[in-house]
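Comments concern the structure below.
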Amino acid sequence: MGGVELVLFAFAVGLTAGGLMGSAMELASGRRLAFAEPYVSPSHILRSLAATACAGPFMLANDALDARRQGRITTLALMSCGCTAIAWALAQGVVLLAIASWATGLLGSAHFPA
């Protein structure tokens with residue numbers, strides 16, 4: 001697999017994992033995904049970090065689209081948020097693929113008797 005295909009695969013993995021987690025979080029809480037309660041709160045730092053790490057690109061996209069609809073940010077700022085969300089999803093995919101590769105190596109090194 002070439003470099004471009006790996007980057008696209010990592011992006012797809014990050015986008016899929018973030019979308020699944022974001023949808024599950026929305027279904028569980030009944031509220032739209034955003035950098036706000038119940039997903040992010042100063043009283044629950046670890047939970048907030050986990051939620052942001054899992055579904056952060058979609059939180060950013062939702063908040064940026066809301067801000068643009070309300071006229072609080074410009075189109076250029078919206079595009080910047082979109083590029084950041086894309087880069088975030090790519091980074092998330094790289095991390096998930098690295099974890100999967102590491103876990104596969106651990107499982108592959110085990111010797112199971114036939």
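Here the structure is a predicted model, which means the values were calculated and not measured.
The shortest non-hydrogen separation linking M25 to A51 is CE-CB, 3.6 Å. In terms of heavy-atom proximity, Q92 sits nearest to C54 at NE2-O, 2.8 Å. The two atoms that bring R31 and P38 nearest to each other are NH1-CD, 3.4 Å, heavy atoms only. Of all heavy-atom pairs spanning S48 and V40, the tightest one is OG-CA, 3.4 Å. Summarising the geometry of E26 relative to L33, their closest heavy-atom pair is OE2-N, 2.9 Å, with the distance given to 0.1 Å. The heavy-atom pair separating L97 from F9 by the smallest distance is CD2-CE2, 3.5 Å.
Residues T16 and F11 fail the side-chain proximity criterion, which asks for heavy atoms closer than 4.5 Å.
Contacts of A24 classified as side chain to side chain contact (heavy atoms under 4.5 Å, CB included), with partners at least two apart in sequence or in another chain: none. The side chain to side chain donor-acceptor pair (under 3.5 Å) test applied to R32 returns N62, D66, not counting sequence neighbours. Among residues two or more places apart in sequence or in another chain, the side chain to side chain donor-acceptor pair (under 3.5 Å) test is passed with Q70 by R72.
At a cut-off of 3.5 Å, with distance as the only test, a side-chain donor of S29 or Y39 sits close to an acceptor on the other residue.
Under the 3.5 Å distance criterion, the side-chain polar atoms of R68 are matched with a main-chain donor or acceptor of I73. A donor-acceptor pair is defined here as one N or O able to donate and one able to accept, closer than 3.5 Å; such a pair exists between the side chain of T104 and the backbone of A100.
Residue I86 is grouped with residue V7 when hydrophobic side chains (ILVMFWY) are merged at heavy-atom distances under 4.5 angstrom, including chains of intermediate members.
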